[in-house]
Participant: 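First the structure, which I've put down as structure tokens, then a few questions once you've had a look.
The structure presented is a predicted model; accordingly, all values stated were derived computationally and were not measured. Order of the sequence lines fixes the chain letters, A, B, ..., with proteins taken first and strands second; residue numbering starts at 1 for each chain.
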Amino acid sequence: MYIYDSVKKTKLLFEPIKEGEASIYVCGPTVYDDAHLGHARSSLAFDLLSRTLRSLGYKVTLAKNFTDIDDKIIKKVEETGKSIKEITSYYIKRYLEEMAALGVQRADIEPKATESLQAIEAMIQNLINKNCAYVISTGDVYFDTTRDSHYGEISHRVGEDEDNQSRIAHTSEKRNPKDFALWKACKGEEDICFDAPFSSGRPGWHIECSAMIEKYFHGNDKYSIDIHGGGADLLFPHHENEAAQSRCATGHELAKYWMHNGFVQIDGEKMSKSLGNSFFLKDALKAYDGEVLRYYLNSVHYRNDFNFNEEDLLTAKKRLDKLYRLKKRVSPGKGSTVNKTFKKALLDAMSDDLNISIALAVIDEMVANTNDVLDANPKDKGLKKETLANISFIDELLGFGGKEPFSYFQIGVDEALKEKIETLLAERIEAKKEKDFSRSDAIRDDLTAMGISIMDTADGTVWEKA
RNA sequence: GGAGCCAUCGCCAAGCGGUAAGGCCGCAGCCUGCAAAGCUGCUAUCCCCGGUUCAAAUCCGGGUGGCUCCUCCA
């Protein structure tokens, strides 16, 4: 397995801390609002990573956190009058449901900040003891970035001039503009606070990830985990700060490899709350099938930016449709053994820093070849069984193709419509028997107008929702 | 003001120094009552200008254009 390390900026052979195992920590969402397509992209990218590593035989432990205490959540509490627990548990549930609709496998560990306070406090105390952090008059605790000689190496901002034209405003008693909050002291009675030796307050954003990693992973004397991942926007300051505090607290590096996924853009611009062009996943799932969205969002290499648009999504769907038509052709039945060459080609592609484009091309080739053989020999039972096995391997590795093929083409069609379609098809068969082609064509036109396309096959007429 | 990333066929998209994958669209053909589906064939020298090399889309330098980070962000 080769992985592109976004800190070293090069592709590296994956050599895990422990032979045959892979520990991965991915920064999850702050749960104060619905997930958008960017969350989906990130989830999908690391889902592909863990699936690939598992298929390669690694014992994967994937952790993905939920930040459930934060300024934005508190703001939401103030706005809605709901309890923090109500808000966070609602959005966590929604997040998990929506990711499940995309076929994202659950993480093995899903830590929450509020459930990791002991670990967080312990790490902060440790940093204070080591003189890597300091408490200011308000009770806030800051990390002293000058205490970390490697600060800036993650985001390649070593020796950068402090602020100059930077947009960061400096207030407070921070010793250095780059210092960041490990702990935010209570602002007032309305604030949500937890007791800690240094002050009553709550954790800063960055500390939870470092603390949770120490809590759940053990690593070795050089690294806590194998891979740390997240969106490209987290490189700085989030991951820079995580790396710094972990280094000071543990004496070694946080992660051996760093992976960052690209953005989802809308009309060529980053999708973000502040630009007002967010696309909620829930809205996308109302309009499109989750599996199609998965295929589409995963069809571009994870490191590249992704320009979301409906036209490309429909093109992706056409490609997925072809796989399902083949599956329809070889169903029903039981799969036998996956074709070795096919399996190797897929794994080789994914082993190269998750080269999904090659993997999809390998699948297209398999589909075309199989259709070709089946055209000549429609009853090739051995091939049919092998093809079913191939498709279920695709489902295992890439997370699509697992549905029953006839139902795949009937998504969004209710029973009433189904009956109507069947009636029309029966009429058309009658018309065809009587060689009344103008009538049968008229019925086909009606179906087309209803968004239904039909195909006459040796086994009768089948239909699909366009 | 500082730091990066990207630029390949009409569209999406691989390529990681050895002579341009794949998909969509389009055209031609096979199949079909006609279609659809499926199959076959056809369609690019890689933003521009220099340089390194026997060899560059791939490396280096300079342009041009787009995006991102330095503020919450996946």
Side-chain angles (χ1 to χ4, degrees), chain A residues 2 4 6 9-11 26-30 32-33 35-46 70-72 75 152 155-158 160-169 178 205 229-238 240 260-265 268-275 278 296 299-301 303-307 309 311-322 325-326 328-329 349 352-353 355-365 367-376 432 435 437-438 440-441 444-445 448 453-457 461-464:
Chain A
Y2 282 84
Y4 182 87
S6 41
K9 298 196 180 206
T10 183
K11 207 182 276 184
V26 179
C27 289
T30 301
Y32 69 105
D33 203 351
H36 58 229
L37 292 176
H39 292 108
R41 179 108 196 274
S42 183
S43 253
L44 250 10
F46 291 101
D70 162 274
D71 289 349
K72 293 187 292 295
K75 194 175 168 215
S155 56
H156 302 279
R157 285 158 207 268
V158 188
E160 201 178 298
D161 263 353
E162 296 317 332
D163 44 24
N164 316 351
Q165 304 296 314
S166 147
R167 292 173 292 171
I168 314 171
K178 287 176 183 167
W205 178 35
D233 49 349
L234 298 181
L235 200 53
F236 188 88
H238 190 52
E240 187 72 65
H260 291 92
N261 64 275
F263 293 121
V264 175
Q265 306 191 328
E269 212 171 38
K270 179 189 175 183
M271 188 182 73
S272 79
K273 297 269 161 64
S274 47
L275 287 171
S278 289
Y296 175 50
S299 67
V300 176
H301 187 86
R303 271 190 281 125
N304 291 155
D305 283 342
F306 188 102
N307 200 348
N309 69 76
E311 192 188 332
D312 291 346
L313 183 144
L314 295 176
T315 298
K317 180 183 183 300
K318 283 184 190 175
R319 219 171 163 182
L320 180 59
D321 285 351
K322 289 175 80 160
R325 282 200 195 98
L326 174 64
K328 206 156 65 169
R329 214 174 166 183
D352 183 13
D353 193 38
N355 193 328
I356 190 75
S357 292
I358 300 285
L360 296 182
V362 167
I363 291 170
D364 288 335
E365 199 182 335
V367 171
N369 287 343
T370 310
N371 274 319
D372 199 13
V373 177
L374 251 25
D375 280 352
K432 278 182 58 163
K435 305 255 184 231
F437 294 123
S438 63
S440 71
D441 290 351
R444 184 169 61 203
D445 290 343
T448 305
S453 53
I454 62 172
M455 293 133 210
D456 293 327
T457 75
T461 302
V462 295
W463 60 272
E464 295 179 359

Participant: For the residue pair Ile356(A) and His301(A), what are the closest heavy atoms and their distance?
Facilitator: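 Nearest pair, atom of Ile356(A) first, then His301(A): CG2-N, 4.0 Å.
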
Participant: Record whether the side chain of Arg444(A) comes under 3.5 Å of the base of C34(B) through a donor-acceptor pair of N or O atoms.
Facilitator: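 Looking at the base of C34(B), it does pair with a donor or acceptor on the side chain of Arg444(A) (distance under 3.5 Å).
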
Participant: Below 4.5 Å, heavy atoms only, C-beta onward: do Phe306(A) and Gln265(A) meet side chain to side chain?
Facilitator: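 Heavy-atom side-chain distance check fails, nothing below 4.5 Å.
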
Participant: Need one value for Asp441(A): base, sugar-phosphate or nothing, where a base atom within 4.0 Å counts as base even if backbone is also close, heavy atoms only.
Facilitator: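 Base, at least one base heavy atom under 4.0 Å.
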
Participant: From CG of Leu235(A) over to P of C69(B), roughly how many Å is that when rounded to an integer?
Facilitator: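 The distance from CG of Leu235(A) to P of C69(B) comes to 12 Å, rounded to the nearest Å.
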
Participant: Which part of the nucleic acid, if any, lies within contact of Ser440(A), taking any heavy atom under 4.0 Å across all strands shown: a base, the sugar-phosphate backbone alone, or nothing?
Facilitator: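 Answer is base: heavy atoms of Ser440(A) come under 4.0 Å of a base.
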
Participant: Assess, by modelled atom type and distance only, whether the side chains of Asn369(A) and Asp372(A) contain a donor and an acceptor separated by less than 3.5 Å.
Facilitator: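 The answer is no; no qualifying pair exists.
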
Participant: If you look at every strand shown and take non-hydrogen atoms under 4.0 Å, does Ser42(A) touch a base, only sugar-phosphate, or nothing?
Facilitator: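 Sugar-phosphate, backbone atoms only, no base.
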
Participant: Just how far, in rounded Å, is P of G38(B) from CG of Asp321(A)?
Facilitator: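 Rounded to the whole Å, the gap is 9 Å.
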
Participant: Taking only the C1' atom of each, what is the distance from C46(B) to A37(B) in whole angstrom?
Facilitator: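 It works out to 35 Å between them.
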
Participant: If the P atom of C59(B) is compared with that of A7(B), how far apart are they to the nearest Å?
Facilitator: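 Those two atoms are separated by 10 Å.
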
Participant: Using the side-chain heavy atoms of Asp364(A), tell me which of these nucleotides is nearest: U40(B), C70(B), G22(B).
Facilitator: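 The answer is G22(B), which lies nearest to the side chain.
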
Participant: Say we look at C16(B) and C6(B): how far apart would their C1' atoms be, to the nearest angstrom?
Facilitator: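 That atom pair is separated by 15 Å.
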
Participant: Just checking Asn307(A): base, sugar-phosphate only, or nothing, at a heavy-atom cut-off of under 4.0 Å?
Facilitator: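 Touches nothing.
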
Participant: Atom pairs under 3.5 Å, N or O on each side, protein against nucleotides 15-19 of chain B: can you list them with distances?
Facilitator:
unit_1, atom_1, unit_2, atom_2, d
G15(B), OP1, Asn355(A), ND2, 2.9
C16(B), N3, Lys11(A), NZ, 2.3
C16(B), N4, Lys11(A), NZ, 2.8

Participant: Using a heavy-atom cut-off of 4.0 Å across all strands, would you classify Lys9(A) as base, sugar-phosphate, or nothing?
Facilitator: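 The residue Lys9(A) makes sugar-phosphate contact but no base contact.
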
Participant: Roughly how many Å apart are C25(B) and G15(B), using the P atom of each and rounding to a whole number?
Facilitator: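 To the nearest whole Å, 24 Å.
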
Participant: Establish, for the pair Lys11(A) and Tyr2(A), whether the NZ or CZ atom is under 6.0 angstrom from the six-membered ring centre and no further than 45 degrees off its axis.
Facilitator: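 Lys11(A) over Tyr2(A) ring: no.
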
Participant: Please report, rounded to the nearest Å, how far the P atom of G38(B) is from the CE atom of Met455(A).
Facilitator: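 That distance rounds to 7 Å.
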
Participant: Under a 4.0 Å threshold between the charged nitrogen and the carboxylate oxygen, would Lys317(A) count as salt-bridged to Asp321(A)?
Facilitator: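 Yes.
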
Participant: Could you pick out which residue, Ala232(A) or Ser453(A), lies toward the 5' side of RNA chain B when each is mapped onto its nearest nucleotide?
Facilitator: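 Result: Ser453(A).
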
Participant: To the nearest Å, give me how far apart CD1 (Ile454(A)) and P (A36(B)) are.
Facilitator: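 Value for this atom pair: 12 Å.
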
Participant: When you check the phosphate oxygens OP1 and OP2 of C39(B), does a side-chain N or O of Asn369(A) lie under 4.0 Å from one of them?
Facilitator: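 No, because none of the side-chain N or O atoms of Asn369(A) sits under 4.0 Å from OP1 or OP2 of C39(B).
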
Participant: Tell me the partner of C59(B), counting only Watson-Crick (N1-N3 plus N6-O4 or O6-N4) or G-U wobble (N1-O2 and O6-N3) with both under 3.5 Å; none if nothing fits.
Facilitator: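 Paired with C59(B), as far as the under-3.5 Å criterion goes, is G51(B).
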
Participant: Watson-Crick or G-U wobble partner for C67(B), using a 3.5 Å limit on both distances?
Facilitator: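 Check on C67(B): paired to G4(B), both distances under 3.5 Å.
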
Participant: What is the distance from CD of Glu311(A) to P of A13(B), rounded to the nearest Å?
Facilitator: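 Those two atoms, CD and P, are 12 Å apart.
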
Participant: Which heavy atom of Asp305(A) sits nearest to which heavy atom of Phe263(A), and what is that distance?
Facilitator: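 Where Asp305(A) meets Phe263(A) most closely, the heavy atoms are OD1-N, 2.9 Å.
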
Participant: By nearest atom, which of the nucleotides G23(B), C70(B), C12(B) is closest to the Lys322(A) side chain?
Facilitator: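 Per side-chain heavy atoms of Lys322(A), the pick is G23(B).
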
Participant: Pick the closest RNA chain B nucleotide for Lys432(A) and for Gly28(A) by heavy atoms, then say which residue is nearer the 5' end.
Facilitator: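 With Lys432(A) and Gly28(A) compared, the 5'-side residue is Lys432(A).
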
Participant: At what distance, to the nearest 0.5 angstrom, does OH of Tyr296(A) lie from CG of Leu37(A)?
Facilitator: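 With rounding to 0.5 Å, OH (Tyr296(A)) is 9.0 Å from CG (Leu37(A)).
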
Participant: Looking at A37(B), which nucleotide sits across from it as a Watson-Crick or G-U wobble partner, both distances under 3.5 angstrom, or is there none?
Facilitator: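 No nucleotide pairs with A37(B).
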
Participant: Hey, are Thr30(A) and Asp70(A) close enough side-chain-wise for a donor-acceptor pair under 3.5 Å?
Facilitator: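 On atom types as modelled, these side chains do not qualify, holding no pair under 3.5 Å.
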
Participant: Would you mind checking if Asp353(A) and Arg303(A) are paired as a salt bridge, meaning a charged N to carboxylate O distance below 4.0 Å?
Facilitator: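 Yes, Arg303(A) and Asp353(A) are salt-bridged.
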
Participant: Could you tell me the separation between the CD atom of Gln265(A) and the P atom of C69(B), rounded to a whole number of Å?
Facilitator: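 From Gln265(A) CD to C69(B) P: 10 Å.
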
Participant: Can you tell me which nucleotide in G38(B), G33(B), C70(B) comes closest to the side chain of Arg157(A)?
Facilitator: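 Out of G38(B), G33(B), C70(B), the nucleotide with an atom closest to Arg157(A)'s side chain is C70(B).
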
Participant: Rounding to a whole Å, what distance do you find between Glu365(A):CD and G38(B):C1'?
Facilitator: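 In whole Å, G38(B) C1' and Glu365(A) CD are 17 Å from each other.
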
Participant: Between G51(B) and C67(B), how far is it from one C1' atom to the other, in whole Å?
Facilitator: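 The same atom, C1', in both gives a distance of 28 Å.
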
Participant: Polar-atom pairs under 3.5 Å, protein N or O versus N or O of nucleotides 25-30 of chain B: list them with distances, or write none.
Facilitator:
unit_1, atom_1, unit_2, atom_2, d
C25(B), OP1, Lys318(A), NZ, 3.2

Participant: Rounding to the closest angstrom, what is the interatomic distance between A35(B) and C31(B) at atom C1'?
Facilitator: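 Here A35(B) and C31(B) have their C1' atoms 11 Å from each other.
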
Participant: If pairing requires Watson-Crick or G-U wobble contacts with both distances under 3.5 Å, which nucleotide is the partner of C16(B)?
Facilitator: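 WC or wobble partner does not exist here.
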
Participant: With a non-hydrogen cut-off below 4.0 angstrom, is Arg325(A) in contact with a base, only sugar-phosphate, or nothing?
Facilitator: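 Here Arg325(A) touches the backbone only, sparing every base.
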
Participant: When we call it a touch if two heavy atoms are under 4.0 Å apart, what does Val26(A) touch: a base, just sugar-phosphate, or nothing?
Facilitator: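 No contact at all - Val26(A) keeps every heavy atom at 4.0 Å or more from the nucleic acid.
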
Participant: Partner lookup for C46(B), please. Criteria are Watson-Crick or G-U wobble with both distances under 3.5 angstrom; report none if nothing qualifies.
Facilitator: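 For C46(B), the partner nucleotide comes out as none, under the 3.5 Å rule.
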
Participant: What does Ala368(A) touch in the nucleic acid at a heavy-atom separation under 4.0 angstrom: a base, only the sugar-phosphate, or nothing?
Facilitator: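 Counting heavy atoms under 4.0 Å across all strands, the contact made by Ala368(A) is with sugar-phosphate only.
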
Participant: Between Arg325(A) and Glu464(A), does any NZ, NE, NH1 or NH2 come within less than 4.0 Å of an OD or OE carboxylate oxygen?
Facilitator: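 Counted as a salt bridge, because a side-chain N and a carboxylate O are separated by less than 4.0 Å.
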
Participant: Given the P atoms of C11(B) and G50(B), what is the spacing between them in whole Å?
Facilitator: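 After rounding to an integer number of Å, I get 26 Å for this pair.
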
Participant: Should Lys322(A) and Asp364(A) count as an ion pair when the cut-off is N to O under 4.0 Å?
Facilitator: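 Not counted as a salt bridge, because no side-chain N and carboxylate O are separated by less than 4.0 Å.
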
Participant: Going by atom types only, do Arg329(A) and Asn371(A) share a side-chain donor-acceptor pair under 3.5 Å?
Facilitator: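 Per modelled atom types, Arg329(A) and Asn371(A) side chains form a pair under 3.5 Å.
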
Participant: Rounding to a whole Å, what distance do you find between Asp456(A):CG and A36(B):P?
Facilitator: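 Going from CG in Asp456(A) over to P in A36(B) covers 12 Å.
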
Participant: Say we look at A20(B) and A57(B): how far apart would their P atoms be, to the nearest angstrom?
Facilitator: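 Result for the P pair: 9 Å, nearest Å.
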
Participant: Indicate the atoms forming the closest heavy-atom contact of Ala232(A) with His260(A), along with that distance.
Facilitator: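 For Ala232(A) and His260(A), the tightest heavy-atom pair comes out as CA-CB, 3.9 Å.
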
Participant: With both distances kept under 3.5 Å, what pairs with U32(B), Watson-Crick or G-U wobble?
Facilitator: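 Paired with U32(B), as far as the under-3.5 Å criterion goes, is no nucleotide at all.
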
Participant: When we call it a touch if two heavy atoms are under 4.0 Å apart, what does Gly231(A) touch: a base, just sugar-phosphate, or nothing?
Facilitator: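 Contact class for Gly231(A): sugar-phosphate only.
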
